[in-house]
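One structure below.
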Amino acid sequence: MADQQKKFYITTPIYYPNAEPHLGHVYTTLCADTVARYHRLAGEDTFFLTGTDEHGIKMVKTAAAQNIEPQQLVDRVVKVFEDVWKEFEVSNDDFIRTSSDRHKKAVTEIVKKLVANDDIYLGSYEGWYDEGQEEFVTETEAKANEFKSSVTGKPLTRYQEPTYFFRLKKYVPRVQQYIEQNPQFIQPDARRNEVLSKLKQGVEDLSVSRATLKWGIPLPQDPGHVLYVWIDALSNYITALGYASGDDSRFKKYWPADVHLIGKEILWFHTVYWPAILFSLGLPLPKQVFAHGWWTSGGRKMGKSLGNFIDLDRLRAVAVQHSQDALRFYLLRAAPFGSDLDWTDADFAKSYNELANVVGNCLNRTIKMIGRYRDGLIPAIGETADLDAHLVSQTESLGRSLASAYEKLELQQCAILPIELARATNGYIDATAPFSLAKDPGKSKRLDTVLNRAAQAIKNTLVALLPVLPDKAAAGLEQLGVKIDGRTIDDLLRDELPAGHKIGEGQPLFPKIDPK
Ligand code: MSP
């Protein structure tokens, strides 16, 4: 009997729809998209979730400033998010909105379970509140940051009100033990240490309701309060799968998540609050929470007033001029995944030129030579030489190194490894000099081998680039006459272009940038 198909479940944070998406949101989403595409191509039953986090005071305030209701605001901006993900060819399988009935119903059930476990109680709270982050901060923390948000720098607000609490403290020892015993749970390692040391400083129970707010999910045991807000938001990862609904088949199939991909500023919520909630619900924890770094622009924090903000229009302009795939490549290429990143036009140009000069050029010259010297037909291997061995082994091992890079979410490597093969192929072509071999009829068998090896290598480069450059890699493969036909990445890498295979016309994949 065939093995049961492996499943893979990956999520992005659900974004606040109080403003249009920008570079940060596009980054997380495209990174998750690349990983999802890889796992799909590997033949796994893949589920990729994104969505929007629509409750909370931020939405209320933004709506009020525009003289509209929160629902009108989120309906408008959520549409922008959905359209943008379509425009950027994001392959998400679902889009969860926290203002949707399916989410609200399931969250109500979740809260009932937490209440039934005696994990929610009524108390009263007075403290400093960070509205941007939607969390209370301790007196010490507030003082240390001069009563400003450590993240946004905006002044903290003083709140006093009756509120329901979630018994976070009760679960802290279990959470801590889990993190210690499962080194893969929080990645990269440095982030794991941050969480562990913050845990050791002590944790208070979590305020989870507001009596002063209407925009949110009413608490089932006390509808005068709305849920506020991390239980609501974090639950999206299971409500989207149908948890606590009539049909939990997707939940049974995909939970626990394989990866929650998030930005570093929301790591604490995902690795302390979320596990505690899941423990209370008696559910398994996600296998991994991976926190990536933050983008700055031109060496400074992105800011609308600073003129360095990489907004949607800017991203669109880049995609129109250089292709969406070039943007995808740059985002992955810019820094090791997990580190902070800095957007500069010069770096973008460098990364684009790498695609053009290494991958585009390798494909183009290989197709041209096979067209000119062999009528566009892949020749059979003829005479071999020592020089071939290195390229052959690099061509064959790419699949393994790529699998390991995706396994560890080394996304920069996922982008670079295929490029390295194209670079080696260019070196091989330079060293074997097919143009001179072609002049000597006695070297015809040697030329056969060189052309064959170069073609197999660029074919594997393009296959390995499919998750990173979905359009361009597919276009390049089409030029080589390769049909993807639902084959897995392993099949595509392993199946050589057979002798006699007809390749197509060469077209530059990455046209040169006009120097202006
Ligand atoms: N709604 C919460 C998340 C709830 S998840 C259960 C939230 N939303 S957000 O709209 O502020 O999006 C935050 C996410 O956007 C970050 O985690 C990160 O993925 C991305 N980014 C926003 N700005 C960013 C940068 N400047 N750089 C990189 N990514 C950042 O937080």
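No hydrogens, no waters, no symmetry mates; every other heavy atom, side chains included, goes into these values. Every number for a ligand or one of its atoms is a count from 1 in the order of the listing.
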Polar atom proximity, Tyr15 to ligand 1 (N or O, under 3.5 Å):
no
If you have a sec, work out which protein heavy atom is nearest atom 7 (C) of ligand 1 and how many Å separate them, to one decimal?
Tyr16 CE1, 3.3 Å
Would you say the side-chain atoms of Ser209 pair up with the backbone N or O of Val226, donor to acceptor, closer than 3.5 Å?
no
Mind checking whether Leu234 has an N or O less than 3.5 Å away from an N or O of ligand 1?
no
Which residue, Phe47, Phe8, Phe48, forms the ring pair (Phe, Tyr, Trp, His ring centres under 6.0 Å) with His39?
Phe8
Just distances here: any N/O of Thr28 and N/O of ligand 1 closer than 3.5 Å?
yes
Is the Tyr228 to His55 ring centre distance short of 6.0 Å?
no
Cation-pi between Arg210 and Tyr129: NZ/CZ under 6.0 Å from ring centre and within 45° of the ring axis?
yes
N/O to N/O below 3.5 Å, does that happen between Asn236 and ligand 1?
no
Looking at ligand 1, would His270 count as a contact under a 4.0 Å heavy-atom criterion?
yes
Taking 4.0 angstrom as the limit, do Arg102 and Asp247 come out as a salt bridge?
no
As a check for students: among His22, His260, His292, identify the option with a heavy atom nearest to atom 23 (N) of ligand 1.
His22
For the residue pair Lys472 and Phe510, would you count it as a cation-pi contact if the rule is NZ or CZ under 6.0 angstrom from the ring centre and within 45 degrees of the ring axis?
yes
Taking distance alone, with N or O pairs closer than 3.5 Å, would you say Glu265 contacts ligand 1?
yes
Out of Gly132, Gly263, Gly24, Gly56, whose heavy atom sits nearest atom 17 (O) of ligand 1?
Gly263
Return the closest protein heavy atom for atom 3 (C) of ligand 1 as residue, atom name and distance.
Ile14 O, 3.3 Å
Min heavy-atom dist Gly293 to ligand 1 below 4.0 Å
yes
At less than 4.0 angstrom from any non-hydrogen atom of Asp53, what atoms of ligand 1 do you find?
1 (N), 2 (C), 4 (C)
Who's the nearest protein heavy-atom neighbour of atom 15 (O) of ligand 1, and how far?
His25 CD2, 3.5 Å
Just to check, does Trp274 reach to within less than 4.0 Å of ligand 1 when the distance is taken from its heavy atoms?
no
So the atoms of ligand 1 within less than 4.0 Å of a heavy atom of Trp295 turn out to be 25 (C), 26 (N), 27 (N), 28 (C)
Atom CD of Glu204: over 12 foreign heavy atoms under 6.0 Å:
no
Ligand 1 to Tyr237 polar contact by distance, N or O atoms, under 3.5 Å:
no
I need the Tyr254 OH to Lys7 NZ distance, nearest 0.5 Å.
9.0 Å
Answer yes or no: does atom NZ of Lys104 have more than 12 heavy-atom neighbours from other residues, nucleotides or ligands under 6.0 Å?
yes
So Phe81 and Trp85, would you call those rings parallel, tilted or perpendicular, with 30° and 60° as cut-offs?
perpendicular
